[in-house]
Amino acid sequence: MNSINPASLKRRSFIYRELVRLGAQFGEINGGAVPLSFGAAREVELASARRLALADLSVMPHCGFKGRGTAEWLTAQGLNIGPDSNKAYAQAGGELAARLAPTEIFLMDSLVGSGALMSRLNAAWTWAEAAPRPQQGYPLPRQDSHGWFMLAGEFAPEMFSKMCGVDLRRDRFAEGAIAQTSLAKMSAIIIRADRKAKDGRAHAAYHVLADVASAEYLWSCLMDAGKEFDIKPVGLQALQDLEQ
Amino acid sequence: MKVMNCPLNGPRNISEFAWGGEVKPMPDPASVDDKVWADWLFLENNEAGVVREWWCHVPTSFWFIAERNTITDEILKTYAAGDVFNSRVEFSKKAETK
């Protein structure tokens with residue numbers, strides 16, 4: 001695989017130096033340098049992703065909308081937003097709309113990462129001219145505020161139990177559930193988002209979103225906590241392969 | 001660890017929460033004198049018994065109200081601030097005295 005130099009792109013992960021050190025092979029997605037693999041054979045990385053693996057998705061498109069009227073406005077834009085907070089709702093294009101609170105939505109792109117939905121929404125949003133303005137919420141830039149990791153594999157819940165007070169076992173923490181909690185003493189958002197294979201099997205996977213300024217710290221904490229389960233860094237390819 | 005029930009996030013370790021002071025009725029800022037205003041702003045009654053307090057779930061910055069017995073440190077109930085503060089407060093302008 002031809003790897004691009006992440007420094008050649010303006011958009012790269014805050015931890016790209018660490019990823020380079022670990023042997024990441026980068027590809028360009030939506031103008032950003034995304035680690036696609038870590039140099040191992042494709043089947044080997046897939047096996048890691050089934051066991052326990054950490055991937056960095058920070059460069060993939062994500063954004064937020066907040067304020068009174070947000071859910072109604074997004075629904076009018078064609079999104080599927082359910083009534084419950086702390087629940088993530090799947091969208092038609094594979095994106096995820098995480099309802100963090102009644103009036104706050106965190107949008108994450110699919111693993112294709114085209115950013116199409118986010119571009120459309122951000123282009124569609126304008127302040128209404130008329131006063132009083134209707135309650136429609138406002139965009140919240142999230143791309144550079146939150147680091148975005150995915151922890152995949154059957155040992156993920158066991159590993160989380162070492163560093164997080166919330167019970168994330170698969171029989172307690174349902175698909176789409178969100179825990180906004182303390183992870184390795186950091187405030188973090190954990191979202192269960194199983195990767196569904198074509199044969200119907202669901203492979204355990206969790207999104208982890210946290211303050212980007214501490215992304216290096218959190219990455220090292222997660223890799224350290226996973227050592228006893230033989231955690232490996234994987235790229236986007238392995239996560240996509242989970243769905244094959 | 002002690003567990004507190006956040007109205008938004010459910011039961012969580014107490015280490016995820018920050019105390020925000022007692023819930024006190026605000027004196028009218030237009031007519032109140034400085035001493036009473038400072039008293040409301042900075043001083044706590046520190047009552048022994050059941051008190052209503054502001055608490056914040058730090059990972060979500062979600063502020064809510066808890067009723068707590070300060071003698072036994074027992075949390076009796078928690079609810080969203082919107083249950084109590086459900087109407088907009090308008091402030092009239094106060095003429096400057098200096």
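Labels below follow one simple rule: chain letters A, B, ... track the order of the sequence lines, proteins then strands, and each chain is numbered from 1. The structure presented is a predicted model; accordingly, all values stated were derived computationally and were not measured.
Surrounding NZ of B/Lys35 are at most 12 heavy atoms belonging to other residues, nucleotides or ligands under 6.0 Å away. When the shell of 6.0 Å around CD of A/Glu216 is examined, it contains 12 or fewer heavy atoms from other residues, nucleotides or ligands. Around atom CZ of A/Arg68, no more than 12 heavy atoms belonging to other residues, nucleotides or ligands sit under 6.0 Å away. B/Glu44 CD: more than 12 foreign heavy atoms inside a 6.0 Å radius. Counting heavy atoms of neighbouring residues, nucleotides and ligands inside a 6.0 Å radius, atom CZ of A/Arg17 does not exceed 12 of them.
Residue B/Pro59 comes nearest to A/Ser187 through the heavy atom pair CA-OG, 3.3 Å, listed as atom of the first residue, atom of the second, then distance.
With a 4.5 angstrom heavy-atom cutoff, A/Ala210 does not touch chain B via any of its atoms. Residue B/Asn13 touches chain A through its side chain alone, counting heavy-atom pairs closer than 4.5 Å.
In this structure, OG on A/Ser182 lies 11.5 Å from CZ on B/Phe17, to the nearest 0.5 angstrom. Rounded to the nearest 0.5 Å, atoms CD (B/Glu16) and CD (A/Gln180) are 10.0 Å apart.
A/Asn86 is listed as a side-chain neighbour of B/Leu8, based on a closest heavy-atom distance under 4.5 Å.
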